[in-house]
Amino acid sequence: MTPPASPRPASSRPTPAPRSLPLPLPVLIAPAAASTLLALAPIRRPFAAATIGWALSMPAVELPVHVGAYVGAMVAPAWVRRLGQGRCQSRGHRRNRGRTADLLGGAMAAATCAGLGVLVARQLAAAPALERALAEVRGQVSGENPGTTTPPPPATRHRVPWPTVLFAPWPGVPRDVRARRGLVYGPDSTANRCDLYTRNSAGSAPGRGVLVHIHGGHFRAGGPSRESRAMLFDHASRGWAAISTTYHLSPTPESGFPQHLVDIKQLIRWIRVEGRRTASLRMRRSWSRAVPRARTSR
């Protein structure tokens, strides 16, 4: 009698896990597309929706180049895969899965990059506009003859520091800039605070003026030196006394008005009276001449 065959031993090779399908390209592009769209067409009302839209638009507003790089990094593998599928189709293999999704994602990516280009163009256009405004203010009063006026000098063109923009989007205080933070300019030591940035060079060159930056946040959020840091540091290094200030925050703009305006008037008074004492010794004389032509930016 033939003995029964012994059962075959189970294979020790592990069962391969099923391959997870990649997310469709439109799903990967959607966050960048939504952020860009909200930056170009912000929601105004109701207030809750406007706040959410503002928060979602911050990546595209503050880091448009990086968001564009993310879009490119998501599109490139999808189209490389699409080209590979095209070669398989030429050999007789039909792989049409995801073709519509890739085309839709490519269209979303193109529209997103175009919107990011508009945002970058707006930001680059802000620099000469600010320079012209500051030049006009400086041209209204002459340091030697306060009663005379001089034509404003042409706006100075500066090269965009692209390495800094790409690899250090949140700049730190440069070595040639002195930062004094938390200066109290009003009766409320918590709400009436500002940060002052001045040139830290040892020379005695006169200052060019006073630049006041008022942070955004719909009058209910935000703080000094969180926004426009590159602008503050750049103007301070070129001789401006750059100030980033805060004010009383409120649940709604209407409930806090006119305290916001009162705070800014108190800051201007502080610049004219106490600011000269706070400024460094080499800045005091130029500060006195620059105060009447202070310029605010928001």
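Heads up: numbering here begins at 1 and tracks the sequence.
- Using a 3.5 Å distance cut-off with no hydrogens or angles, the side chains of Ser244 and Tyr197 do not pair a donor with an acceptor.
- Under a hydrophobic clustering in which Ile, Leu, Val, Met, Phe, Trp and Tyr are joined whenever their side-chain heavy atoms come within less than 4.5 Å, directly or via other members, Leu267 and Leu249 fall into the same cluster.
- For the side-chain contact (heavy atoms from CB on, under 4.5 Å) criterion with Gln266, the lone passing option out of Ile264, Val262, Ile268 is Val262.
- Without hydrogens or angle criteria, Asn192 side chain to Asp188 main chain gives a donor-acceptor distance under 3.5 Å.
- Aromatic pair His248/Phe219: centroids not less than 6.0 angstrom apart.
- Separation of atoms CG (Asp176) and OG1 (Thr198) is listed at 10.5 Å; rounding is to 0.5 Å.
- Note on Leu37: it does not cluster hydrophobically with Leu119, by side-chain heavy-atom contacts below 4.5 Å among ILVMFWY residues.
- Not a single donor-acceptor pair under 3.5 Å links the side chain of Ser57 to the backbone N or O of Leu38.
- Of all heavy-atom pairs between His215 and Pro224, the closest is CD2-N, 4.1 Å.
- Side-chain atoms of Pro251 and Arg220, non-hydrogen and from C-beta on, never get closer than 4.5 Å to each other.
- Taking each heavy atom of Ser250 and His260 in turn, the nearest pair found is OG-NE2, 3.4 Å.
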Quick one: do Ile243 and Trp270 satisfy side chain to side chain contact (heavy atoms under 4.5 Å, CB included)? Show the steps, please.
-> CA-CA 12 Å; Ile243 296 177; Trp270 177 86; 4.3 Å; yes
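- At a threshold of 4.5 Å between side-chain heavy atoms, the hydrophobic network of Ile, Leu, Val, Met, Phe, Trp and Tyr places Val65 and Met58 in two separate groups.
- Val67 is not listed as a side-chain neighbour of Ser35, based on a closest heavy-atom distance of 4.5 Å or more.
- A distance of 5.5 Å separates CG in Asp102 from CG in Leu25, rounded to the nearest 0.5 Å.
- The same ILVMFWY cluster, assembled from side-chain heavy atoms under 4.5 Å apart, contains both Tyr247 and Leu183.
- Here the side chain of Ser237 pairs a donor or acceptor atom with the backbone of Phe233 at under 3.5 angstrom.
- When all heavy atoms are compared, the tightest approach of Pro171 to Arg229 is O-NH2, 2.8 Å.
- Of all heavy-atom pairs between Asn200 and Arg175, the closest is ND2-O, 3.7 Å.
- Of all heavy-atom pairs spanning Ala32 and Val71, the tightest one is CB-CG2, 3.7 Å.
- Between the side chain of Asp195 and the backbone N or O of Gly182 there is at least one donor-acceptor pair closer than 3.5 Å.
- No continuous path of ILVMFWY side-chain contacts below 4.5 Å connects Val27 to Met74, so the two sit in separate hydrophobic clusters.
- Rounded to the nearest 0.5 angstrom, Arg193 CZ and Thr245 OG1 are separated by 11.0 Å.
- No side-chain donor-acceptor contact under 3.5 Å links Glu62 to the backbone of Glu227.
- Here the CG-CE distance, from Leu103 to Met108, works out to 13.0 Å after rounding to the nearest 0.5 Å.
- Rounding to the nearest 0.5 Å places OG1 of Thr246 at 6.5 Å from OH of Tyr185.
- When all heavy atoms are compared, the tightest approach of Val210 to Trp240 is N-CE3, 3.6 Å.
- In this structure a side-chain-to-backbone donor-acceptor pair under 3.5 Å is missing from Arg269 to Lys265.
- In this structure, CD1 on Ile29 lies 6.5 Å from OG1 on Thr112, to the nearest 0.5 angstrom.
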